[in-house]
Amino acid sequence: MAKKTKKRAGSSTGLVRLTKQKVLEGLPGPGSVRIRYAAPEEADGVAALLEAAADDLEIGHLQALANGQCGTWLMDGLSGVGLTEPLVRAASAGSLQPAAASLSLPLVAQDRDGRVVGALLAVPSGTVISTVAQLPGHDQYALLSMLKYAKIKAVAVREMSAGAGSGPRC
């Protein structure tokens with residue numbers, strides 16, 4: 001008698017499990033665009049795109065991107081590294097701004113020729129952090145909210161790529 005094997009069900013939503021490798025290599029976006037993690041050497045181009053889209057960008061996030069520090073904790077998290085301990089260490093040292101940069105996510109949209117045609121920056125939500133921090137005895141929850149909640153700070157697509165379904169143009 002043949003051994004019965006359980007057939008794995010595919011994702012009914014079409015969602016892909018994110019891994020560090022997939023984010024570095026890029027995931028398929030609209031058309032022939034790939035969405036991937038922004039590399040430090042792309043910082044100037046990414047900063048120019050994002051600054052055209054938002055006038056209230058914190059300079060610390062852009063500097064962290066150029067220094068290779070932006071998104072590092074998130075990328076570690078995708079590799080299975082726990083993030084609570086480094087966040088608590090950063091809080092005890094009073095260095096929450098560098099922690100926020102490490103938890104920010106800079107993404108780029110790359111066309112089939114390898115050109116960066118768009119950029120996005122997601123950051124921990126300062127509003128959520130400050131609201132939770134105001135609750136008596138909930139400082140640790142404010143810190144942990146940095147791991148749970150993010151906001152899209154800026155998103156932009158180069159004018160030449162507008163209309164290709166990649167996002168708003170700048």
Side-chain angles (χ1 to χ4, degrees), residues 15-79 81 83 86-87 90-91 94-133 142-170:
L15 297 177
V16 175
R17 178 165 156 49
L18 284 182
T19 64
K20 180 178 181 178
Q21 192 62 35
K22 286 179 184 174
V23 173
L24 290 172
E25 291 173 358
L27 298 161
S32 60
V33 171
R34 293 195 68 74
I35 309 297
R36 64 170 174 75
Y37 181 73
E41 57 271 14
E42 299 169 315
D44 289 339
V46 170
L49 273 171
L50 295 175
E51 287 171 343
D55 58 0
D56 62 342
L57 284 177
E58 293 89 3
I59 192 73
H61 291 291
L62 301 176
Q63 288 174 339
L65 174 59
N67 295 334
Q69 299 164 328
C70 197
T72 53
W73 287 3
L74 289 178
M75 297 303 279
D76 288 347
L78 288 172
S79 297
V81 174
L83 300 179
L87 185 57
S95 55
L96 285 181
Q97 182 60 31
S102 296
L103 289 168
S104 297
L105 182 61
L107 297 174
V108 294
Q110 181 180 25
D111 69 10
R112 70 172 56 130
D113 296 324
R115 293 180 298 237
V116 172
V117 296
L120 176 142
L121 180 64
V123 298
S125 174
T127 304
V128 171
I129 294 165
S130 63
T131 301
V132 174
L143 297 174
L144 292 174
S145 74
M146 291 177 80
L147 298 175
K148 291 270 191 193
Y149 302 101
K151 67 178 177 179
I152 295 176
K153 186 68 174 176
V155 62
V157 174
R158 292 199 187 281
E159 182 91 29
M160 65 182 197
S161 300
S166 301
R169 71 178 132 169
C170 64

- Is a side-chain N or O of Asp111 found less than 3.5 angstrom from the main chain of Asp113, in a donor-acceptor match?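 Such a contact is found between Asp111 side chain and Asp113 backbone.
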
- Would you confirm whether Lys22, through its side chain, and Leu27, through its main-chain N or O, come within 3.5 Å as a donor-acceptor pair?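 Between the backbone of Leu27 and the side chain of Lys22 there is no qualifying donor-acceptor contact (under 3.5 Å).
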
Using the side chain to side chain contact (heavy atoms under 4.5 Å, CB included) definition, which of the options [options] pairs with [X]?
X      : options               : result
Leu78  : Leu24, Leu18, Thr19   : Leu18
Val46  : Leu50, Leu49, Asp44   : Leu50
Val123 : Cys70, Pro106, Ser104 : Ser104

[atom1]-[atom2] distance between [X] and [Y], expressed to the nearest 0.5 angstrom:
X      : Y      : atom1 : atom2 : answer
Lys153 : Leu120 : NZ    : CG    : 12.5 Å
Leu105 : Met75  : CG    : CE    : 8.0 Å
Leu65  : Tyr37  : CG    : OH    : 7.0 Å

Where do [X] and [Y] come nearest, in terms of heavy atoms and distance?
X     : Y      : answer
Ala66 : Pro40  : O-CB, 3.9 Å
His61 : Ala100 : CE1-O, 3.9 Å
Gly29 : Ile35  : CA-CG1, 4.2 Å

- Task: Evaluate whether atom CD1 of Ile152 has more than 12 neighbouring non-hydrogen atoms of other residues, nucleotides or ligands under 6.0 angstrom away.
- Result: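 Atom CD1 in Ile152 is not packed in, count stays at 12 or less.
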
- By side-chain contact (heavy atoms from CB on, under 4.5 Å), which residues pair with Ser32, not counting sequence neighbours?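 Only Arg112 meet the side-chain contact (heavy atoms from CB on, under 4.5 Å) criterion with Ser32.
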
Would you say the side chain of [Y] lies within less than 4.5 Å of the side chain of [X], judging by non-hydrogen atoms?
X      : Y      : result
Arg36  : Val116 : yes
Leu62  : Glu51  : yes
Pro124 : Tyr149 : no
Val23  : Leu74  : no

- Task: Test side chain to side chain contact (heavy atoms under 4.5 Å, CB included) on Leu103 and Leu87 and set out the steps.
- Result: CA-CA 9 Å; Leu103 289 168; Leu87 185 57; 4.3 Å; yes

- Message: Holding to side-chain hydrogen bond (donor to acceptor under 3.5 Å, both in side chains), I want the full list of residues that pass it with Ser102, two or more places apart in sequence or in another chain.
- Response: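 Once residues adjacent in sequence are excluded, Ser102 has no partner under the side-chain hydrogen bond (donor to acceptor under 3.5 Å, both in side chains) criterion.
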
- With sequence neighbours excluded, residues passing side-chain hydrogen bond (donor to acceptor under 3.5 Å, both in side chains) with Gln69: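 Applying side-chain hydrogen bond (donor to acceptor under 3.5 Å, both in side chains) to Gln69 gives none.
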
